[in-house]
Amino acid sequence: MTTELLTDLTIFVLAVLVGFEVISKVPATLHTPLMSGANAIHGVVLIGAMVITATVSAPYAYVLGAVAMAFAAMNVVGGYVVTDRMLHMFRRRPAVPAARAAHHDEEVAAR
Amino acid sequence: MSTFTTNIQLVYVLAAACFVIGLHLMNSPGTARRGNQVSTAGMAIAIIATLVILIHEGSVTGVGWTVLIVGSLLGSAAGLYSARTVQMTAMPQLVSMFNAVGGGAAALVAVYEYIHDESLPGGVLGTTSVFTVLDVIIGSVTFTGSLIAAGKLQGVITGSPIVFKGGRALNVALAVIALGTGAYMFTTASLPALLILVLASLAFGVMMVLPIGGADMPVVISLLNAFTGTAVAMAGFVVGNWALIIAGALVGASGGILTKLMADAMNRSLANIIIGGFGTGDTAVAA
């Protein structure tokens with residue numbers, strides 16, 4: 001086993017353990033945005049697509065590289081935008097009852 | 001390690017830290033949006049660092065740059081358009097689509113590397129081929145599996161479990177073919193074997209998701225999301241890039257935990273969902 005492979009494996013195992021720990025008690029309403037957020041992160045495969053596309057030198061490789069780039073870019077851009085949209089809609093919701101409650105308090109205070 | 005390479009690796013570490021912190025912030029409603037922004041920043045950093053490497057090396061041909069730019073522009077445009085215009089109710093299937101293309105990209109990276117190395121005099125390296133094979137299998141399974149999941153949610157394919165006679169046997173056969181071909185490829189570099197591996201894995205992805213009912217689909221998408229993470233980590237081994245290994249392993253593990261949380265929230269066991277068709281509350285068709 002080469003040193004390089006050993007280093008890669010070490011990083012892999014530690015990253016897996018971090019992945020297990022980083023998710024704690026998540027409220028059910030956040031499940032879908034969190035899934036979508038994680039989905040966007042694995043769009044990092046774009047880097048892999050860039051690395052291979054940089055070495056293309058034959059027609060088959062142009063096709064594979066272009067498709068890989070398009071797929072990965074779609075994953076990254078779409079993933080982050082859709083997650084942001086979900087969370088945007090998510091944050092408004094608690095604000096409405098809070099505003100209503102404040103309004104109610106004011107009314108009570110006025111009386 | 002040259003100063004340049006060291007600096008790039010440090011930038012990758014920064015990007016990886018952004019992913020971990022971002023994912024952690026997404027655990028609670030108040031910080032979730034900021035978490036996604038931190039994660040986006042990490043992605044931007046990682047992509048820019050990689051661009052810097054490519055420019056620094058200066059070995060990318062004009063055609064290479066064209067392929068790179070055209071591919072990324074097309075993908076970004078498709079992603080941006082669909083993410084902006086999708087109805088709120090159709091978001092799960094869109095996430096599944098993005099997951100499918102992510103898995104597809106991971107599989108393509110391995111396929112390209114395999115064909116590329118196979119033509120070299122040294123052939124395919126022994127240890128790397130393990131990761132190449134795993135990447136092809138997991139990536140291909142996620143690609144078709146997520147497409148089927150998206151199709152089910154969209155209503156293109158019926159949402160109820162599709163179970164037919166011999167379905168299970170076919171699943172087992174496909175798995176055996178994929179694993180057997182993969183094992184063969186560890187010792188012998190062979191393009192036909194690669195083709196069989198890809199086809200068997202693609203078919204397995206379809207067969208895995210078809211028997212699962214519509215109500216369980218979000219859990220399955222989460223599971224496939226974890227699969228893609230793992231495939232991306234394998235792609236990291238194949239191209240030798242830490243950013244891919246860290247981000248992929250992170251998503252693979254956290255996606256697995258999230259899948260379990262989602263299944264628990266629905267009072268369903270994960271094994272029950274994967275075996276599918278039973279007790280989903282949907283009309284389960286007997287085999």
Side-chain angles (χ1 to χ4, degrees), chain A residues 5 8 11-12 15-16 18-20 22-24 26-28 30-54 56 61-62 64-87 89-91, chain B residues 19-20 23-24 26-27 32-33 36 39-40 43 46 50 54 60 64 67-68 71-72 74-76 78-80 82-83 94-95 98-99 101-102 104-106 108-109 112 127 222 225 228-229 232-233 235 237 239 241-251 253-255 257-258 261-262 265:
Chain A
L5 182 60
D8 286 358
I11 292 172
F12 176 74
V16 166
V18 170
F20 281 142
V22 83
I23 302 286
S24 47
V26 189
L30 268 184
H31 282 170
T32 312
L34 189 58
M35 173 173 85
S36 181
N39 172 59
I41 291 178
H42 70 51
V44 76
V45 71
L46 179 65
I47 289 177
M50 284 167 79
V51 171
I52 62 155
T53 308
V56 290
Y62 299 147
L64 284 181
V67 176
M69 281 302 294
F71 275 10
M74 186 176 170
N75 189 176
V76 172
V77 176
Y80 279 114
V81 172
V82 88
T83 311
D84 197 60
R85 263 189 77 187
M86 276 182 205
L87 292 170
M89 148 181 103
F90 188 84
R91 275 194 71 180
Chain B
F19 292 148
V20 174
L23 208 52
H24 187 70
M26 288 187 78
N27 275 338
R33 201 160 181 214
N36 193 47
S39 157
T40 312
M43 186 63 71
T50 313
L54 295 186
V60 186
V67 169
L68 208 135
S72 57
L74 283 177
S76 306
L80 192 62
S82 49
L94 188 66
V95 172
F98 292 152
N99 189 42
V101 289
L108 284 174
V109 167
Y112 173 78
T127 44
S222 179
N225 187 38
T228 309
V232 170
F237 280 99
V239 297
N241 187 301
W242 288 353
L244 289 191
I245 297 180
I246 298 175
L250 189 68
V251 174
S254 62
I257 296 286
L258 184 62
L261 287 179
M262 287 171 91

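Nothing here was measured: the structure is a model prediction, and the numbers come from that model. To find a chain, count down the sequence lines: A is the first, B the second, and so on, and within it residues start at 1.
B:M26 has its side chain within reach of A:L87: a pair of non-hydrogen atoms, C-beta onward, lies under 4.5 Å apart. B:W242 is listed as a side-chain neighbour of A:D8, based on a closest heavy-atom distance under 4.5 Å. With contacts defined as side-chain heavy-atom distances shorter than 4.5 Å, the pair B:Y112/A:T53 does not qualify. Taking the side chain as every heavy atom from C-beta outward, A:M86 and B:V95 approach each other to under 4.5 Å. Residues A:T83 and B:R33 fail the side-chain proximity criterion, which asks for heavy atoms closer than 4.5 Å. Considering only heavy atoms from C-beta on, B:F19 comes within 4.5 Å of A:V44 through its side chain.
Considering CD1 of A:I23 and CG of B:N27, their distance stands at 5.0 Å, rounded to 0.5 Å. Here CD1 of A:I11 is found 11.5 Å from CG of B:L244. Values are rounded to the nearest 0.5 Å. Separation of atoms CG (B:L80) and CE (A:M74) is listed at 11.0 Å; rounding is to 0.5 Å. If you take OG on B:S72 and CE on A:M69, they are separated by 4.0 Å, rounding to the nearest 0.5 Å. The CG atom of B:N36 lies 7.5 Å from the OG atom of A:S36; values are rounded to the nearest 0.5 Å.
Listed by chain and number, the residues in a ring pair (Phe, Tyr, Trp, His ring centres under 6.0 Å) with A:F71 are B:F143 (sequence neighbours excluded).
In terms of heavy-atom proximity, B:A32 sits nearest to A:L30 at CB-CD2, 4.1 Å. Of all the heavy atoms in A:A15 and B:A249, the pair that sits closest is CB-CB, 3.6 Å. When every heavy atom of A:A68 is checked against every heavy atom of B:A105, the shortest pair comes out as O-CB, 3.8 Å.
When A:A40, A:G79, A:G43 are compared by the number of non-hydrogen pairs under 4.5 Å with chain B, A:G79 comes out ahead. Annotation: maximal heavy-atom pairing with chain B below 4.5 Å, among A:V18, A:D84, A:V81, A:V56, occurs at A:D84. Ranked by non-hydrogen atom pairs under 4.5 Å with chain B, the options A:A66, A:A54, A:G65 are led by A:A54. Taking chain A as the reference chain and counting heavy-atom pairs below 4.5 Å, the highest number among B:V239, B:L23, B:L94, B:N241 is found for B:L23. Options A:V67, A:V22, A:V26, A:V16 differ in how many heavy-atom pairs under 4.5 Å they form with chain B, and the most are formed by A:V22. Residue with the most contacts toward chain B among A:L64, A:N75, A:T32: A:N75 (heavy-atom pairs, distance under 4.5 Å). When each of B:S76, B:A46, B:A235, B:G248 is scored by its heavy-atom pairs under 4.5 Å with chain A, the top score falls to B:S76.
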Mind listing the side-chain donor-acceptor pairs of residues 45-52 of chain A below 3.5 Å, one per line with the distance, residues two or more places apart or on another chain?
none

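At a cut-off of 3.5 Å, with distance as the only test, a side-chain donor of B:S39 or A:Y80 sits close to an acceptor on the other residue.
Of the atoms belonging to B:A265, it is side-chain heavy atoms, and not backbone ones, that fall under 4.5 Å from chain A. The part of B:L54 that comes within reach of chain A is its side chain, from C-beta onward, which places non-hydrogen atoms under 4.5 angstrom from that chain. Proximity to chain A involves both the backbone and the side chain of B:L261, based on heavy atoms less than 4.5 angstrom apart. With a 4.5 Å cut-off on non-hydrogen atoms, B:I257 touches chain A through its side chain but not through its backbone. For chain A, the nearby parts of B:N225 are the backbone and the side chain; heavy atoms of each come within less than 4.5 Å.
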Discussion item. Assess the residue pair A:F12 and B:I246 against the criterion (side chain to side chain contact (heavy atoms under 4.5 Å, CB included)); give the C-alpha distance rounded to whole Å, side-chain angles, the decisive distance to 0.1 Å, and a yes or no.
Written reply: CA-CA 6 Å; A:F12 176 74; B:I246 298 175; over 6 Å; no

